[in-house]
Amino acid sequence: MENKVDKEIQRLRCSMVEDLRLLNYFEALSDFFMVDYYTHSAYDMLPKSWLESVNQYGDVILKQFCMSLLPENPVNIHCPVMPLSMMCFIALIRKKLKARIKQPCSKHRLPISCKAQLKFLKPKKIVELSDMLPCIQKVITDQNITHVVDIGSGMGHASRFIAKQNPQCMVLRIEAQSMLINKATDIDVQFDKLNKPQNIFSSVCRLNLDDNVVSSFLQLLSDADNANGTTFACPESRILLLGLHPCGNLGSYMLRLFKECCICQSVVIVSCCYLFIDSEPDQTGGFPLSNFLKERGVLSLSGQLKEQACHNAEFYLSRLLGQLNNHDELSQNWRSIADIFLSKRESKSSRSWFKFKKRAKGENIIKFTNKNLVLHKLPELEKEEEELALKLSVVDQWKTWAYYLVYVLKISLGVIGESIILNDRILFLLEARCNSQFEILFDPRESSRNVAIVSSKTLLQLKN
């Protein structure tokens with residue numbers, strides 16, 4: 001077992017070194033806003049060979065580049081020759097996206113005894129719970145779990161299913177927003193007529209994400225025990241920490257808590273909202289967690305990279321490919337042009353671009369820019385500015401092609417960013433000699449954050 005863990009640690013380290021080398025190469029683009037494309041000459045940040053390829057073959061090479069990144073598409077060997085560095089980049093992103101694809105298997109269905117709850121669920125939540133609950137159930141059975149703590153439980157759908165299927169377990173929902181706990185309680189009341197589980201409890205509190213993760217957590221469990229007559233804080237408890245899409249630092253907190261708390265036997269977590277992760281060296285939790293990254297001096301990721309890591313790369317690449325095939329203008333391209341004139345008139349930062357109105361059908365760049373200037377209560381374009389806007393949107397085709405290339409790169413770098421964050425988290429657990437692995441739970445097109453970290457402690461770790 002030790003040899004297997006060491007091999008996995010070495011594999012993850014090599015993967016992270018590869019990812020970090022790529023990020024370092026495209027460092028200038030990793031924290032770049034697309035709306036600044038024309039004002040900051042982003043195309044100069046691209047490899048020279050890539051620019052020459054786009055200049056020579058135009059949208060042909062762009063379509064092939066975008067299509068080749070998606071693992072379900074074959075790489076067309078008859079396309080114009082790509083630079084070797086572009087082909088290597090494609091191979092790396094394809095490998096990472098392919099690893100996120102859920103392998104074909106029998107369709108999971110929610111337990112018959114819990115189907116009465118379906119009317120309270122949105123379609124996406126039904127898909128997520130259908131695929132996640134079998135994974136949770138396996139951990140509960142294999143690890144003899146006696147208590148489940150659902151952190152960031154929201155409206156309590158997952159914990160309600162678990163309590164129903166495992167009457168021998170006590171289930172505690174922890175949620176900072178009292179409004180969500182109240183909604184969960186309302187659903188419990190309606191579910192009561194349908195034989196509501198009696199082993200589920202709730203706690204409204206904001207977890208203390210500081211150095212004293214264990215003591216503050218045990219105090220929370222003790223308070224719940226006193227209020228409900230439960231045994232969560234009992235030394236003999238075997239707790240499963242559960243987190244379905246905990247935001248930002250909360251995911252890191254759960255992993256640190258699992259590692260340090262002796263009564264936490266297992267953890268199942270599907271992370272999300274990476275943009276809210278603290279990346280300052282003096283922050284507790286957040287990023288990085290692993291000693292490997294700390295020793296290499298990798299103490300932060302750019303804000304734009306973390307935000308891009310939250311997005312569904314498969315969706316954006318497919319949409320962009322459709323726009324290229326239909327010769328549609330990329331909406332962000334027009335936003336970046338309009339932002340030039342917005343920033344000239346706006347004394348504040350031009351980051352207000354996200355308030356832009358969408359482009360209407362048949363609308364040209366002048367009308368698009370003017371309506372958004374009016375939206376911000378700013379003067380419309382002057383004659384000279386109209387000519388510049390038209391030139392940027394129509395005449396300079398090469399820069400528009402390069403824009404698409406930068407946009408695809410930004411999407412792809414988000415895949416690298418998520419890979420680094422997830423690998424850092426599981427490496428943190430493996431360094432503590434916990435049995436840990438990734439589980440692909442959902443189809444990424446249905447739920448973009450679809451990778452679960454599943455980890456359990458050995459008997460020796462529990463004794464210590």
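Since we're looking at a predicted model, the values are computed, not measured. Sequential numbering from 1 along the given sequence is applied to the chain's residues.
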Between the CE atom in M155 and the CE atom in M179, the distance rounded to the nearest 0.5 Å is 8.5 Å

I want to check something: taking the side chain as every heavy atom from C-beta on, are K7 and N3 in contact at a cut-off of under 4.5 Å? yes

Judged by atom type as modelled, is there a donor-acceptor pair below 3.5 Å linking the side chain of E431 to the main-chain atoms of S290? no

Show me the donor-acceptor pairs, under 3.5 Å and distance only, between side chains in residues 17-29 and residues at least two apart or in other chains.
from : atom 1 : to   : atom 2 : distance (Å)
D19  : OD1    : K96  : NZ     : 3.2
D19  : OD2    : K96  : NZ     : 3.2
D19  : OD2    : S419 : OG     : 3.0

Straight-line distance of E128 CD to L441 CG, nearest 0.5 Å: 9.5 Å

Heavy-atom closest contact (L301 atom, L305 atom, distance): CD2-CD2, 4.0 Å

Do you know the tightest heavy-atom contact between I269 and G251? CD1-CA, 3.4 Å

Q437 and E439: side chain donor to acceptor below 3.5 Å: yes

So, do F65 and V54 sit near enough that their side-chain heavy atoms are less than 4.5 Å apart? no

Please assess I145 against S266 for the test side chain to side chain contact (heavy atoms under 4.5 Å, CB included), listing each intermediate value before the final yes or no. CA-CA 8 Å; I145 298 298; S266 302; 4.0 Å; yes

Does the pair C272 and C310 meet the rule for a side chain to side chain contact (heavy atoms under 4.5 Å, CB included), with working shown? CA-CA 7 Å; C272 78; C310 298; over 6 Å; no

Minimum side-chain heavy-atom gap I162-L242 below 4.5 Å: yes

Compare every heavy atom of K457 with every heavy atom of C261, then report the nearest pair and how far apart it is. O-NZ, 2.6 Å

Should we count NZ of K138 as having more than 12 external heavy atoms under 6.0 Å? no

Which pair of heavy atoms, one from I440 and one from A99, lies closest together, and at what distance? CD1-O, 3.3 Å

Side chains of T458 and R433 only: does a donor on one sit below 3.5 Å from an acceptor on the other? no

Can any side-chain N or O of S412 pair as donor or acceptor with the backbone N or O of V408 at less than 3.5 Å? yes

Is the shortest side-chain heavy-atom distance between I453 and F258 below 4.5 Å? no

Please report the interatomic distance CG(L405) to CG(L46), rounded to the nearest 0.5 Å. 5.0 Å

Basic-acidic side-chain contact under 4.0 Å: E314, R100: yes

Donor-acceptor contact present, side-chain E385 to main-chain E382, <3.5 Å: yes

Going by heavy atoms in the side chains, are E52 and K48 under 4.5 Å from each other? yes

Tell me if a side-chain donor or acceptor on K63 pairs with a main-chain N or O of L321 at a distance below 3.5 Å. no

Donor-acceptor pair, N73 side chain versus M67 backbone, under 3.5 Å? yes

Hey, does the side chain of R449 reach the backbone of C273 with a donor-acceptor pair shorter than 3.5 angstrom? no

Does any N or O in the side chain of T141 come within less than 3.5 Å of the main-chain N or O of Q137, such that one atom is a donor and the other an acceptor? yes

Is the closest side-chain heavy-atom distance between Q265 and V139 below 4.5 Å? no

Start with the C-alpha distance between F442 and V270, add both sets of side-chain angles, then the distance that settles side chain to side chain contact (heavy atoms under 4.5 Å, CB included), and finish with yes or no. CA-CA 10 Å; F442 324 125; V270 184; 4.3 Å; yes

CG of L427 to CG of N291, rounded to nearest 0.5 Å, is 8.5 Å

So which atom in S53 and which in I61 form the shortest heavy-atom distance, rounded to 0.1 Å? OG-CG1, 3.4 Å

Are the side chain of S455 and the backbone N or O of N435 linked by a donor-acceptor pair below 3.5 Å? yes

Please lay out, stage by stage, how E380 and K371 fare under the test salt bridge (charged side-chain N to carboxylate O under 4.0 Å, His left out). CA-CA 8 Å; E380 294 186 359; K371 79 175 181 183; over 6 Å; no

Does the side chain to side chain contact (heavy atoms under 4.5 Å, CB included) test come out yes or no for F287 and D278, once each step is laid out? CA-CA 6 Å; F287 176 90; D278 289 330; over 6 Å; no

Could you check whether any side-chain heavy atom of S159 comes within less than 4.5 Å of a side-chain heavy atom of V148, counting everything from C-beta outward? no

Among D150, I136, V149, V171, exactly one meets side chain to side chain contact (heavy atoms under 4.5 Å, CB included) together with L240. Which residue is that? I136

Residues passing the ring-ring contact (aromatic ring centres under 6.0 Å, His included) test with H311, sequence neighbours excluded, are Y316

Does CZ belonging to F276 count more than 12 external heavy atoms closer than 6.0 Å? no

Closest approach of S436 to I426 (non-hydrogen atoms, all atoms of both residues): CB-CG1, 3.8 Å

CZ on F428 to CG on L12, rounded to 0.5 Å: 14.5 Å

When rounded to the nearest 0.5 angstrom, what is the spacing between CG in D339 and CG in N372? 10.0 Å

Give a yes or no on whether the backbone of P444 and the side-chain of S448 come within a donor-acceptor separation of less than 3.5 Å. no

Is the shortest heavy-atom distance from the side chain of L69 to the side chain of F89 under 4.5 Å? yes

When you measure from the side chain of E175 to the backbone N and O of Q177, does any donor-acceptor pair fall under 3.5 Å? yes

Is it true that the side chains of R425 and S252 contain a donor and an acceptor less than 3.5 Å apart? yes

